[in-house]
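Note on naming: letters A, B, ... go to the chains in the order of the sequence lines (proteins, then strands), and numbering restarts at 1 for each one. Given the structure is predicted, the values throughout are model-derived calculations rather than measurements.
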Amino acid sequence: MQEQLLNWYHKNARDLPWRRTRDPYKIWVSEVILQQTQVVTGTAYYERFVERFPTVQDLAQAPLEEVLQAWEGCGYYARARNLHAAAKQIAEDPFPETFEGWLALKGVGPYTAAAVSSIAFGYPKAVVDGNVRRVLARWYAIKEPTELWLQTTADGLLVVQEAGNWNQAVMELGATICTPKAPKCPECPVKTFCKAYQSGKPTDYPAPKVRAEVKEVQAVALIVGDLHTLYIEKRPEKGLLGGLSGPPLEQVQSGETAEVALNRLLGRLAAKEARFLGTIEHTMTHRHFVVQVHQAQADLPRTASTVAMSRLDRKLLGVLQEKQGSLFG
DNA sequence: AACTCGGGGTA
DNA sequence: TACCCAGAGTT
């Protein structure tokens with residue numbers, strides 16, 4: 001089976017930018033960007049990131065704000081903060097070459113440590129990501145595989161002499177053939193080894209994960225000034241959209257009206273003459289924001305030129321753009 | 001072991 | 001709409 005899959009991978013591997021380099025730094029960057037980010041989305045971020053920060057020393061010396069700016073819109077911003085911190089940790093040292101060495105870095109968990117050490121250094125450790133989980137669950141017809149079973153089974157199947165290629169081959173199969181909803185089993189190079197295929201119902205494996213419900217969040221945002229003299233504040237590092245900047249935002253607590261939240265916001269900023277601009281909605285994995293955007297007057301400093309904002313923040317500013325017709329940032 | 005943390009692709 | 005994405009850190 002290993003030979004079949006490796007041969008298939010050799011002929012069918014997608015031409016992805018991080019497969020054109022052996023640079024551990026660039027492979028590391030790609031793996032962090034690809035955490036919970038699909039290849040189609042991550043590719044553009046990868047290209048821009050390694051162009052702006054070509055070496056780990058460039059990244060280590062850059063201000064955090066610039067790193068977050070390169071990450072704008074990509075989500076899970078702790079990845080950017082941790083990557084920057086880890087770059088500072090090792091900029092003066094040689095790169096780790098083992099699974100354990102990579103695992104010690106901030107933002108590097110079992111998946112990324114296995115991926116970088118195997119792909120860049122040939123270290124014999126199996127990756128377990130969403131693709132591998134699905135592929136193994138189908139090969140063995142296991143509906144609810146545990147993390148321990150997955151890692152043990154993956155390590156047992158690893159082709160030690162070709163650890164990096166094997167790891168990528170399993171992921172490639174999961175991404176292009178053994179897909180979640182409509183797997184292309186007839187094209188699968190290893191279908192004869194697959195119990196889920198033999199069962200005739202491959203999509204029964206693995207069972208879907210129970211997901212938290214999407215909670216609706218009401219909030220009020222305040223735009224002070226206009227598009228050229230905007231007041232933007234930086235959120236605390238921890239929590240939702242931590243470390244990013246945006247217009248002041250105040251959640252409407254349960255049992256209170258938007259007006260109460262707006263007055264709280266106006267009080268905090270010593271702002272007055274609020275006028276309603278519009279409402280935006282923004283959905284994240286586990287939250288659906290409904291935000292009333294208001295504009296007001298206050299004596300506050302204007303925004304620094306380099307700030308990183310989330311999609312939600314951009315959407316809030318979009319309401320003002322519709323009224324003023326000019327572009328910020 | 002269960003939450004939290006973004007945003008978007010696909011059927 | 002449901003489900004998932006080349007997961008990690010915290011509780």
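Salt-bridge annotation for K234(A) and E65(A): present, with a side-chain N of the basic residue lying under 4.0 Å from a carboxylate O of the acidic one. The pair R268(A)-E233(A) meets the salt-bridge criterion, since a charged nitrogen lies less than 4.0 angstrom from a carboxylate oxygen. Using a 4.0 Å cut-off between charged nitrogen and carboxylate oxygen, R20(A) and D15(A) count as a salt-bridge pair. Using a 4.0 Å cut-off between a side-chain N of Lys or Arg and a carboxylate O of Asp or Glu, E72(A) and R314(A) qualify as a salt bridge. A salt bridge does not link E259(A) with R264(A): none of the charged nitrogens is closer than 4.0 Å to a carboxylate oxygen. By the 4.0 Å N-to-carboxylate-O rule, D313(A) lies close enough to R235(A) to be salt-bridged with it.
Classified by interplanar angle (parallel below 30°, tilted 30° to 60°, perpendicular above 60°), the ring pair F121(A)/W102(A) is tilted.
Here the separation of dA6(C) from dA11(B), taken at their P atoms, is 13 Å to the nearest Å. Only the P atoms considered, dG6(B) is 15 Å distant from dT11(C), to the nearest whole Å.
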- Message: Protein within reach of the bases, or only the backbone? For nucleotides 1-10 of chain B, mark each nucleotide 5' to 3' as B, S or -, using heavy atoms under 4.0 Å.
- Response: ----BBBBBB
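In this structure, the side chain of N165(A) does not engage the main chain of E162(A) through any donor-acceptor pair within 3.5 Å. R79(A) places a side-chain N or O within donor-acceptor distance of the main-chain N or O of C74(A), the cut-off being under 3.5 Å.
Toward the 5' end of DNA chain C, the nearer of the two residues L105(A) and S30(A), judged by each one's closest nucleotide, is S30(A).
In D299(A), the CG atom is not crowded: 12 or fewer heavy atoms of neighbouring residues, nucleotides or ligands sit closer than 6.0 Å.
Side chains of E216(A) and Q218(A): a donor on one and an acceptor on the other come within 3.5 Å. For the residue pair E31(A) and Y111(A), a side-chain donor N or O sits within less than 3.5 Å of a side-chain acceptor on the partner. Side-chain atoms of Y9(A) and Q4(A) include no donor-acceptor pair closer than 3.5 Å.
Using a 4.0 Å cut-off on heavy atoms, the residues of residues 6-20 of chain A that approach DNA chain C are L16(A), W18(A), R19(A), listed by number. A heavy atom lying under 4.0 Å from DNA chain C marks none of the residues of residues 46-53 of chain A. Near DNA chain C, meaning a heavy atom under 4.0 Å from it, residues 144-178 of chain A has M171(A) in order of number. For the segment residues 115-135 of chain A, the set of residues with a heavy atom within less than 4.0 Å of an atom of DNA chain B is empty.
When heavy atoms are screened at a 4.0 angstrom cut-off, V108(A) is found touching the sugar-phosphate backbone but no base atom. Using a 4.0 Å heavy-atom criterion, one finds that T112(A) contacts the sugar-phosphate atoms exclusively.
Aromatic rings of W71(A) and F49(A) (six-membered ring for Trp) have centroids within the 6.0 Å cut-off, being under it. Taking the centre of each ring, W18(A) and Y46(A) come in below the 6.0 Å mark. Ring centroids of Y140(A) and W149(A) are separated by less than 6.0 Å, placing the two rings close together.
Within the cation-pi definition used here (under 6.0 Å to the ring centroid, within 45° of the axis), R81(A) does not qualify as a partner of Y77(A).
Residues V128(A) and I119(A) do not share a hydrophobic cluster, clusters being chains of Ile/Leu/Val/Met/Phe/Trp/Tyr side chains in contact below 4.5 Å.
First and last contacting nucleotides of DNA chain C toward chain A (any atom under 4.0 angstrom from a heavy atom, 5' to 3' order): dA2(C) to dG9(C).
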